[in-house]
Amino acid sequence: MKKMLKKVQIFSDGSCKGNPGPGGWAAILKYKEHKKVISGYFPETTNNIMELTAVIKAFKQIKEKCEIDIFSDSRYVVKGMTEWIENWKKKDWKNTQKKPVKNQKLWIQLDELSNRHIVNWNWVKGHNGHPENEECDTVAKEEIEKNC
């Protein structure tokens, strides 16, 4: 009998005070009735790095192959993983302007982590009342405030 994959939801957000500047990230992982909130801080970073870091850190929490629904308000992350990454890999990590892809190491790490699972990437409008997105935004900003 085929084993059913666990279904996990990941909600993520990154924040930066200045861009670059101090940054925070947060993610919420949900599995059935379980909820785990993770977060962190970088003293000098960019918003896009924080967005990528939030998803990477969430993936690292998952220890077995799962079906994962990711919800992010970052078009950069969602489009990167659903539209751009295959061409970047084919073109030796060069973008359409033939320049090196920014944050390449993070993209490679995210690609490797996501390929272990069945992933559905979902963009959600930020600051629009989505409960988990709002919570991630608040936690990411709190990381900056408590460390600055």
Side-chain angles (χ1 to χ4, degrees), residues 1-16 19-20 22-126 128 130-144 147:
M1 192 164 110
K2 190 175 177 184
K3 184 181 173 202
M4 292 291 292
L5 296 179
K6 291 179 180 174
K7 293 184 184 233
V8 176
Q9 291 181 310
I10 294 174
F11 304 87
S12 66
D13 200 14
S15 183
C16 222
N19 199 16
W25 60 268
I28 297 170
L29 293 93
K30 285 187 165 183
Y31 170 66
K32 293 186 177 178
E33 69 279 354
H34 303 286
K35 174 182 169 181
K36 183 175 189 174
V37 180
I38 59 172
S39 61
Y41 168 79
F42 284 56
E44 184 69 16
T45 189
T46 67
N47 191 64
N48 284 340
I49 290 172
M50 292 294 87
E51 295 283 3
L52 287 164
T53 299
V55 181
I56 288 167
K57 296 286 191 176
F59 268 119
K60 287 183 173 183
Q61 298 290 311
I62 301 170
K63 304 300 181 208
E64 63 186 83
K65 183 175 181 172
C66 294
E67 183 176 338
I68 302 172
D69 287 315
I70 295 186
F71 299 89
S72 172
D73 65 4
S74 170
R75 289 187 195 273
Y76 178 68
V77 170
V78 175
K79 285 188 174 225
M81 291 303 292
T82 61
E83 297 177 23
W84 306 332
I85 198 161
E86 293 308 318
N87 279 332
W88 291 340
K89 291 192 286 188
K90 284 179 196 166
K91 295 178 180 178
D92 196 29
W93 292 97
K94 301 280 190 290
N95 63 23
T96 53
Q97 290 81 41
K98 296 183 174 52
K99 294 184 178 162
V101 170
K102 288 185 179 178
N103 307 314
Q104 179 181 334
K105 287 181 181 176
L106 293 173
W107 284 113
I108 290 169
Q109 191 176 12
L110 182 54
D111 187 44
E112 288 172 356
L113 289 165
S114 68
N115 284 334
R116 299 176 188 166
H117 306 280
I118 296 170
V119 182
N120 303 302
W121 296 90
N122 301 280
W123 178 79
V124 295
K125 185 174 171 74
N128 203 39
H130 187 284
E132 291 87 358
N133 180 259
E134 296 290 345
E135 184 177 351
C136 285
D137 182 64
T138 299
V139 172
K141 287 177 176 168
E142 285 171 353
E143 284 287 344
I144 297 169
N147 286 287

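Computed from a predicted structure; not experimentally measured.
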Give me the atom names and distance for the closest heavy-atom approach of Ser15 to Met50.
O-CG, 3.6 Å
Please report the interatomic distance CG(Leu106) to CG(Asn48), rounded to the nearest 0.5 Å.
10.0 Å
Given Val77 and Leu52, is the side-chain contact (heavy atoms from CB on, under 4.5 Å) satisfied, shown in steps?
CA-CA 6 Å; Val77 170; Leu52 287 164; 4.0 Å; yes
Please lay out, stage by stage, how Asp111 and Asn115 fare under the test side-chain contact (heavy atoms from CB on, under 4.5 Å).
CA-CA 6 Å; Asp111 187 44; Asn115 284 334; 3.3 Å; yes
Give me the atom names and distance for the closest heavy-atom approach of Gly14 to Glu51.
N-OE1, 3.3 Å
salt_bridge(Lys91, Glu86) N-O dist < 4.0 Å:
no
Under a 3.5 Å distance rule, please check whether Asn147 uses its side chain to pair with a backbone N or O of Glu143 as donor and acceptor.
yes
Drop me the distance from Trp121's CH2 to Ile70's CD1, to the nearest 0.5 angstrom.
3.5 Å
When you look at Lys36 and Gln61, which way does the side-chain contact (heavy atoms from CB on, under 4.5 Å) test go after all the steps?
CA-CA 10 Å; Lys36 183 175 189 174; Gln61 298 290 311; 2.6 Å; yes
Would you call Lys30 and Glu132 a salt bridge, using N to O less than 4.0 angstrom?
yes
Looking at Glu64 and Lys6, is there a salt bridge between them, counting it only when a charged N and a carboxylate O are closer than 4.0 Å?
yes
With the side chain counted from C-beta on, respond yes when Ile38 and Trp25 share a heavy-atom pair under 4.5 Å apart, and no when they do not.
yes
N/O donor-acceptor pair under 3.5 Å between Asn122 side chain and Asn120 backbone
yes
Shortest non-hydrogen separation from Val37 to Glu135 and the atoms involved:
CG2-OE2, 3.7 Å
OG1 (Thr46) and CD (Glu44) are apart, to the nearest 0.5 Å, by 9.5 Å
Working to the nearest 0.5 angstrom, can you tell me the gap between Trp93 CH2 and Asn103 CG?
11.0 Å
Give a yes or no answer on whether the side chain of Thr45 reaches the backbone of Phe42 with a donor-acceptor pair at less than 3.5 Å.
no
Just verifying a value: how many Å separate Ser114 OG and Gln109 CD, rounded to the nearest 0.5 Å?
11.0 Å
Can a cation-pi geometry be assigned to Lys7 and Tyr31, taking NZ or CZ under 6.0 Å from the six-membered ring centre and within 45° of the ring axis?
no
Taking the side chain as everything from C-beta on, heavy atoms only, tell me whether Ser12 gets closer than 4.5 Å to Ser72.
yes
May I have all residue pairs that pass ring pair (Phe, Tyr, Trp, His ring centres under 6.0 Å) and include part of residues 56-79, sequence neighbours excluded?
Phe11-Phe71, Phe59-His117, Tyr76-Trp107
Side-chain touch Leu113/Ile56, heavy atoms, less than 4.5 angstrom
yes
To the closest 0.5 Å, what do you measure between CG (Asp13) and OG (Ser74)?
8.5 Å
Donor-acceptor pair, side chain of Lys35 and main chain of Lys32, under 3.5 angstrom:
no
Test side-chain contact (heavy atoms from CB on, under 4.5 Å) on Leu110 and Met81 and set out the steps.
CA-CA 9 Å; Leu110 182 54; Met81 291 303 292; 3.8 Å; yes
My understanding is that only residues two or more places apart in sequence, or in another chain, count here; which of them pass side chain to side chain contact (heavy atoms under 4.5 Å, CB included) with Lys125?
Trp123, Asn128
Which atom pair, heavy atoms only, marks the closest approach of Glu67 to Leu5?
N-CB, 4.0 Å
Are the side chain of Asn95 and the backbone N or O of Lys98 linked by a donor-acceptor pair below 3.5 Å?
yes
If the condition is side chain to side chain contact (heavy atoms under 4.5 Å, CB included), which residues does Lys79 pass it with, not counting sequence neighbours?
Glu83, Trp84
Search all heavy atoms of Leu29 against all heavy atoms of Ile62 and return the closest pair with its distance.
CD2-CG1, 3.9 Å
Of all heavy-atom pairs linking Ile10 and Ala58, the shortest is CG2-CB, 3.6 Å
